There are 2 protein chains.
Amino acid sequence: MQNKIPTIQEIARLLKLSKSTVSRALRNHPAIGLRTTQQVQKLAKELNYEPNQLAISFSKRKSMSIGVIVSSLDPYFHRAVFGIEDCAYANNYSVLISQTRDEYDIEVKVLETMRKQRVDGIVASISRNAPDIRHFEKCRQYNIPVVFFDRVPDVAGINSVWCRLDISTIELVSYLASKGHEHIALINGPVSLPIRNERLKGYYEGLEKNKLPVYEHFVKTADLSTVGTYEAMDALLSHRIKPTAIITFNDYMSLDAMHYLRKVKPGRYSDIDFVTYSSLPTTRYLDRPPLAYVDQFPYEQGKLATEVLFRQLNGLAKAEIMPPENLVIESRLVVY
Amino acid sequence: MQNKIPTIQEIARLLKLSKSTVSRALRNHPAIGLRTTQQVQKLAKELNYEPNQLAISFSKRKSMSIGVIVSSLDPYFHRAVFGIEDCAYANNYSVLISQTRDEYDIEVKVLETMRKQRVDGIVASISRNAPDIRHFEKCRQYNIPVVFFDRVPDVAGINSVWCRLDISTIELVSYLASKGHEHIALINGPVSLPIRNERLKGYYEGLEKNKLPVYEHFVKTADLSTVGTYEAMDALLSHRIKPTAIITFNDYMSLDAMHYLRKVKPGRYSDIDFVTYSSLPTTRYLDRPPLAYVDQFPYEQGKLATEVLFRQLNGLAKAEIMPPENLVIESRLVVY
DNA sequence: AACACAAGCGCAACCGGTTGCCTGAAATCA
DNA sequence: TGATTTCAGGCAACCGGTTGCGCTTGTGTT
């Protein structure tokens, strides 16, 4: 009834060898003779032997796994996860993914779980309402390197990979200007997301570069809810001077804003152009999609962050002192 | 420099106790006195002791984790994962997610990894081109129960949770009929997905129920690529009798089909109505979204599948003989 | 023939917990 | 007061691998 799971000891018993010999033979250790090695490997295959990763991890005090913390596996971070997986798998590591649903409490909890699971390293995009990164401190004690990506906390001494948006935002404004737009609005994300400042900076610089007038009421802040976007749109359109183009924080916001125009103000403002950041794969199916978007390369960010992580891990293994790495990649304006 | 990670032995040493006592004290074992228990727990807290889950799993031969295998973490399976997580976390289990990218080879590989990691159970939606489920056989030897969901292999003796679509498909056809449609086409998914048959069955029964004519050329098969959908649309429209409504396999296919009409046959056929299965959260933002969709309740499927898994696990723990469970939930027609 | 050396393998400790069983002392009972 | 039970905690094996070191052999050298 009960199928036995083959172990190294079992193989050793059958071949009348010691388990250390079997262990080494399975890994082609040079100290083991060819005949013995082949014998062991043959029997291992016959028995369908599969090493117990739990035992290996425990024994080596290395779990061969990295943790990934993201707010949600939405299409954006999903692409990032692909980058992380590709890099991790190439290094024979497995990946433990946790979603925080943008809640600080959950972030603290999953981090604790990952520590207990003894992940070797962590790639994280912090949740929106995390007041600080104290909860990551303990990872230092456990010698678990952490690389932040995309949403990067604004503190020194950490590893980080993110995508600067200011230059692309200037290009974005210039692009709109080249289309004849003079009244360009920006609906930005919540102040808790540092990345919003890049957008703001690029927006103003873009206006200046194109000698466009600056209207303070053209800059709105919205949380990322549908209602929040509606309110921002309301506010935007309540002034005498209306925007002819709107830059939104991301695709979801664009969709909500466009939806607002269609449902709440049907007919009017149908000529407002939208541009946005990141991109849902399905946005291009809209009848009138945003004219352009800024690609933040989530796949590359994930991949780079994981590469940084492995460099840190290798340094750790050699007991080298690893200075933190801070990588910034350039976003890119994509016109549909 | 090197921060020590506190262990049970360390606590034992400091308190001059044996590690077995500390182990028991930490878990409030009744055989340990109140004073000792409090002392141990106090020191554990002071030292920031966090149990080594690796050691626990190894020692108990239970990893307290379940594996999730899905083709991709697209919005559909993403919702399923939420259901799985909710159930797993409620049982103090952690979740190991792997994407197969719908490739059999990867599925085999991630399954092997999960076995090596000694996950306690697996929730899986098989990849599209998996010829069989032989690769899951070995899980039996390892006593790892498997619950298939959504995409369920058509074999006996397995645990499964899926969503029947035939009845809702009849309703879907009836709905279209009530809207005056008489020429209803169906673009189905690839034959490798068993769930396609449900759609076909419901389609024919729906036509019959509404006394609508059956045109064989109204039923097309497409792989799930954009090109495949375009070809199916081409074929559909190449006949004398054109459909006035089209049922598509899923949202992506709807989007492609609609896109085809707009780009390849602009102006014509703009009155064709679409209905579909599942639903991307962003579909409703289309100017002219599908009229209706069949909800397959991925969250509930994931949750139910995980509940089945835990029942199997509990049975295993008590060495009971657990008959396989096969749950079928009803899909639901949702009109926008 | 005596010795050095390397190849091939085994011994035993260790990783950090869990657990069955045993022991010593205090408390209860006859 | 002696015997028995209960309570509190310790001992040691175990989970399945890895690894430093030591012990046999056989071979080559001088």
Side-chain angles (χ1 to χ4, degrees), chain A residues 2 4-41 43-44 47-65 115-120 141-143 317, chain B residues 2 4-41 43-44 47-65 115-120 141-143 317:
Chain A
Q2 174 62 8
K4 281 269 285 292
I5 301 176
T7 67
I8 275 194
Q9 339 231 16
E10 178 69 4
I11 297 179
R13 197 179 59 76
L14 291 173
L15 293 178
K16 300 194 193 315
L17 290 169
S18 77
K19 59 175 185 172
S20 54
T21 303
V22 175
S23 169
R24 290 193 247 257
L26 285 171
R27 286 170 299 149
N28 291 309
H29 194 284
I32 307 299
L34 185 59
R35 283 180 48 86
T36 308
T37 298
Q38 290 179 339
Q39 235 180 72
V40 168
Q41 296 189 353
L43 183 58
L47 293 178
N48 272 318
Y49 170 74
E50 284 180 353
N52 184 335
Q53 184 60 44
L54 237 46
I56 297 176
S57 300
F58 175 55
S59 161
K60 296 186 137 185
R61 267 150 305 169
K62 259 188 76 175
S63 66
M64 297 301 281
S65 68
R115 271 198 311 269
K116 287 186 184 167
Q117 302 263 20
R118 298 293 191 265
V119 295
D120 292 334
Q141 179 187 355
Y142 281 77
N143 276 315
Chain B
Q2 174 63 8
K4 280 268 288 290
I5 301 175
T7 68
I8 276 192
Q9 338 232 16
E10 178 68 5
I11 297 178
R13 196 179 59 75
L14 291 173
L15 294 177
K16 301 194 192 315
L17 291 169
S18 77
K19 60 175 184 170
S20 55
T21 303
V22 175
S23 169
R24 292 188 169 105
L26 287 171
R27 286 169 300 148
N28 291 309
H29 194 285
I32 306 301
L34 184 58
R35 281 181 49 86
T36 308
T37 299
Q38 290 178 338
Q39 232 179 78
V40 168
Q41 296 189 354
L43 182 59
L47 295 178
N48 272 319
Y49 170 73
E50 284 181 353
N52 183 334
Q53 183 61 44
L54 237 45
I56 297 175
S57 299
F58 174 56
S59 159
K60 295 186 141 186
R61 267 148 307 169
K62 261 188 75 178
S63 66
M64 299 299 281
S65 69
R115 269 198 313 269
K116 287 187 184 164
Q117 301 264 22
R118 299 292 191 266
V119 296
D120 292 334
Q141 179 189 352
Y142 280 78
N143 277 314

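For clarity, every value in this text was computed on a predicted model and none was experimentally measured. To find a chain, count down the sequence lines: A is the first, B the second, and so on, and within it residues start at 1. Note: hydrogens, waters and symmetry copies are ignored here, and every other heavy atom, side chains too, is used.
With sequence neighbours left out, the side-chain hydrogen bond (donor to acceptor under 3.5 Å, both in side chains) criterion links A:Ser20 to A:Ser18. Residues satisfying the salt bridge (charged side-chain N to carboxylate O under 4.0 Å, His left out) test with B:Arg27, not counting sequence neighbours, are none. Partners of B:Ser65 under the side-chain hydrogen bond (donor to acceptor under 3.5 Å, both in side chains) rule, at least two apart in sequence or in another chain, are B:Ser63. In this view, A:Glu50 and B:Arg115, B:Lys138 satisfy the salt bridge (charged side-chain N to carboxylate O under 4.0 Å, His left out) rule, not counting sequence neighbours. For the side-chain hydrogen bond (donor to acceptor under 3.5 Å, both in side chains) test, residues two or more places apart in sequence or in another chain that qualify with A:Lys62 are A:Tyr93. Take A:Leu47 and apply the side-chain contact (heavy atoms from CB on, under 4.5 Å) test, not counting sequence neighbours, and it matches A:Pro6, A:Ile11, A:Leu14, A:Leu43. In terms of the salt bridge (charged side-chain N to carboxylate O under 4.0 Å, His left out) criterion, B:Arg61 has no residue partners (sequence neighbours excluded). A:Lys116 is linked by a salt bridge (charged side-chain N to carboxylate O under 4.0 Å, His left out) to A:Glu112, counting only residues two or more places apart in sequence or in another chain.
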Criterion side chain to side chain contact (heavy atoms under 4.5 Å, CB included) on B:Tyr142 and B:Arg118, from CA distance to verdict
CA-CA 8 Å; B:Tyr142 280 78; B:Arg118 299 292 191 266; 3.5 Å; yes
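One interatomic measurement links the two molecules: CE of A:Met64 to P of C:dC15, which rounds to 21 Å at whole-angstrom precision. The nearest whole Å value for the distance from the CG atom in A:Leu17 to the P atom in D:dC23 is 21 Å.
Within the structure, side-chain hydrogen bond (donor to acceptor under 3.5 Å, both in side chains) pairs that include any residue of residues 32-41 of chain B comprise B:Asn28-B:Gln41 (at least two apart or interchain).
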Could you list all N or O pairs between the protein and nucleotides 16-20 of chain D that sit under 3.5 Å apart?
| unit_1 | atom_1 | unit_2 | atom_2 | d |
| --- | --- | --- | --- | --- |
| D:dG17 | OP1 | A:Tyr49 | OH | 3.2 |
| D:dG17 | OP2 | A:Ile8 | N | 2.8 |
| D:dG17 | O5' | A:Tyr49 | OH | 2.9 |
| D:dG17 | N7 | A:Lys19 | NZ | 3.0 |
| D:dG17 | O6 | A:Lys19 | NZ | 2.6 |
| D:dG17 | N2 | A:Ser59 | OG | 3.4 |
| D:dT18 | OP2 | A:Ser23 | OG | 2.4 |
| D:dT18 | O4' | A:Ser59 | OG | 2.9 |
| D:dT19 | OP2 | A:Arg27 | NH1 | 3.3 |
| D:dG20 | O6 | A:Arg24 | NH2 | 2.5 |

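The residue B:Lys62 sits apart from the nucleic acid: no heavy atom pair falls under 4.0 Å.
Residues from residues 29-37 of chain B that place a heavy atom under 4.0 Å from any atom of DNA chain C: there are none.
Overall bending of the helix from C:dA1-D:dT30 to C:dA30-D:dT1, expressed as the angle between end axes built from five pairs apiece, is 60° (10° steps).
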